[in-house]
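We name chains A, B, ... by the order of the sequence lines, and we start the count at 1 in each one.
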There are 2 protein chains.
Amino acid sequence: MLSRDGEIGFSIRKLAQRIGVDPMTVLHHFGSKDELLRRIADRALATVELPLTSTDWQADLRKVAEAYRNLAHRHPRLFHLHFRYHTTGPADHASSEVVYRALQSAGLTDAEVAGLGLAFYAFILGYSLAEAEGLLRPISPDDEAELRTLDPLACPVTLALIPAFKGLDRNAAFDMSVNAFIEGVARRNA
Amino acid sequence: MLSRDGEIGFSIRKLAQRIGVDPMTVLHHFGSKDELLRRIADRALATVELPLTSTDWQADLRKVAEAYRNLAHRHPRLFHLHFRYHTTGPADHASSEVVYRALQSAGLTDAEVAGLGLAFYAFILGYSLAEAEGLLRPISPDDEAELRTLDPLACPVTLALIPAFKGLDRNAAFDMSVNAFIEGVARRNA
DNA sequence: CCAATAAAGTCTACAGTGTAGCCATACTCG
DNA sequence: CGAGTATGGCTACACTGTAGACTTTATTGG
């Protein structure tokens, strides 16, 4: 399955065999493998569960962020595809509309809405991708052993933080981070 | 060249032919193609120009963010590799040490430093990746034409923002965004 | 200095990939 | 009914990573 293994190890021939048709049939249907992956990514991205816009722009932003994180959780390999074939379907436009509307009602100028909106997007996509790729996972014993080999003179803070990494609460970390961004935005026009 | 074309279109055989050796030679040297790409990504990541830590933690964070963005600008396809083979070399540890030290001197708890530090990383990596992939590019006439086909009832704000997207100043947008995050962090313990 | 050992490089072969080109079949519309 | 068009499938081709055996080169120990 693509959600588990990602684009790597995925081939038209295997897919065709699994669904019992000729490889050329599926290829003709989609034109090329790239186009097939693009369509799959589109389809998966469209399942993001967007919030209805409310009067609380901060809550709206939080909900959009959570929606994309949940999506990444459902399809861990999706965002790789999204970054590769920057697919922007209807669902993307709908969610970016929510983001822009939220930022606009926060009282920002158009330039700020555009810049910060795209940045907010990049942030939640990057965070979701990093999390899905295992970069934000609470460190394993192996990781810890590797960290402990660091030079204590060069990386004292990192070494001191090892317990914090081990006990990392990913949900709390995500909330903290989104809140920090939102707080910074709110403070900008205050 | 890998910086231009990325992992796609890159093959051991082409590389070997370019440098005039047998493909098997390079393969035996690196063990596998994955290992080769990992090593290349390591090497490129190590060229990030880290700042010396100062007494101004906000300036330090800004410098780290800029350093990674510059790196992504030099090697547009690098961060795809980084996310795929989450390579964490010495340079990464050095730069994350800077980030953690900065956040710590901002007065955060260890859990906050760990969570926000990783999030800051994910943010600048995601932003750099998005920018390198062209997601944050000022929109082209084609993009504009596509945007104009959106339903004005569903996406009024997006449509109204088209001029802002056309005139998007990427540097300013990046500074704004990093500042928003930093501001949010600073405000957290105030 | 030479022989033994290890390392590095090279050739061949294999299984797997995307896909162009061509043919058969089915389905639609005048 | 017949012509045209979309759809599915077969073969072939150029390309990939890499396992395995073999040859050359370098290194090291006596």
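The CG atom of Leu27(B) sits 18 Å away from the P atom of dC14(C) (whole-angstrom rounding). For Glu35(A) and dT19(C), the CD to C1' distance is 15 Å, given to the nearest whole Å. For the pair Phe30(A) CZ and dG18(C) P, the computed distance is 14 Å after rounding to whole Å. Going from atom NZ of Lys33(A) over to atom P of dG16(C) covers 15 Å, rounded to whole Å. Rounded to an integer number of Å, the gap from Ile8(B) CD1 to dG18(C) P is 12 Å. At whole-Å resolution of the value, CZ in Phe10(A) and P in dG16(C) are 17 Å apart. The NE2-C1' distance, from His28(A) to dA20(C), rounds to 8 Å in whole Å.
Not one N or O on the side chain of Asn179(B) forms a donor-acceptor pair closer than 3.5 Å with the backbone of Met176(B). In this structure, His82(B) contributes its side chain and Thr87(B) its backbone to a donor-acceptor pair below 3.5 Å.
Under 3.5 Å, the side chains of Asp60(B) and Ser54(B) contain a donor-acceptor pair of N or O atoms.
Between Glu112(A) and Arg188(A), at least one side-chain nitrogen of the basic residue sits less than 4.0 Å from a carboxylate oxygen of the acidic one, meeting the salt-bridge criterion.
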Test log, rule salt bridge (charged side-chain N to carboxylate O under 4.0 Å, His left out), inputs Glu66(B) and Arg62(B): CA-CA 6 Å; Glu66(B) 257 172 44; Arg62(B) 267 187 283 269; over 6 Å; no
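Counting only residues at least two apart or on different chains, the salt bridge (charged side-chain N to carboxylate O under 4.0 Å, His left out) pairs with a member in residues 152-169 of chain A are Glu144(A)-Lys166(A). A salt bridge (charged side-chain N to carboxylate O under 4.0 Å, His left out) check over residues 114-131 of chain A, counting only residues at least two apart or in different chains, returns the pairs Arg69(A)-Glu131(A), Glu131(A)-Arg170(A).
One finds a side-chain N or O of His29(A) lying less than 4.0 angstrom from the OP1 or OP2 phosphate oxygen of dG8(D).
Within the 4.0 angstrom heavy-atom criterion, only backbone atoms of the sugar-phosphate kind lie near Ile12(A); the bases stay farther away.
Scanning residues 19-26 of chain A for heavy-atom distances under 4.0 Å to DNA chain C yields Met24(A).
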Return all side-chain donor-acceptor pairs below 3.5 angstrom for residues 120-127 of chain B, not counting sequence neighbours, or 'none' if the list is empty.
from	atom 1	to	atom 2	distance (Å)
Tyr121(B)	OH	Tyr68(B)	OH	2.8
Tyr121(B)	OH	Ser95(B)	OG	2.3
Tyr127(B)	OH	Phe174(B)	N	3.4

Please write out the pairs of protein N or O atoms and N or O atoms of nucleotides 24-26 of chain D separated by less than 3.5 Å, giving the distance to one decimal.
none

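By the side chain to side chain contact (heavy atoms under 4.5 Å, CB included) test, Ala91(A) pairs with Ala46(A), Val48(A), sequence neighbours left out.
Arg13(A) contributes no side-chain N or O that forms a donor-acceptor pair with the base of dG16(C) under 3.5 Å.
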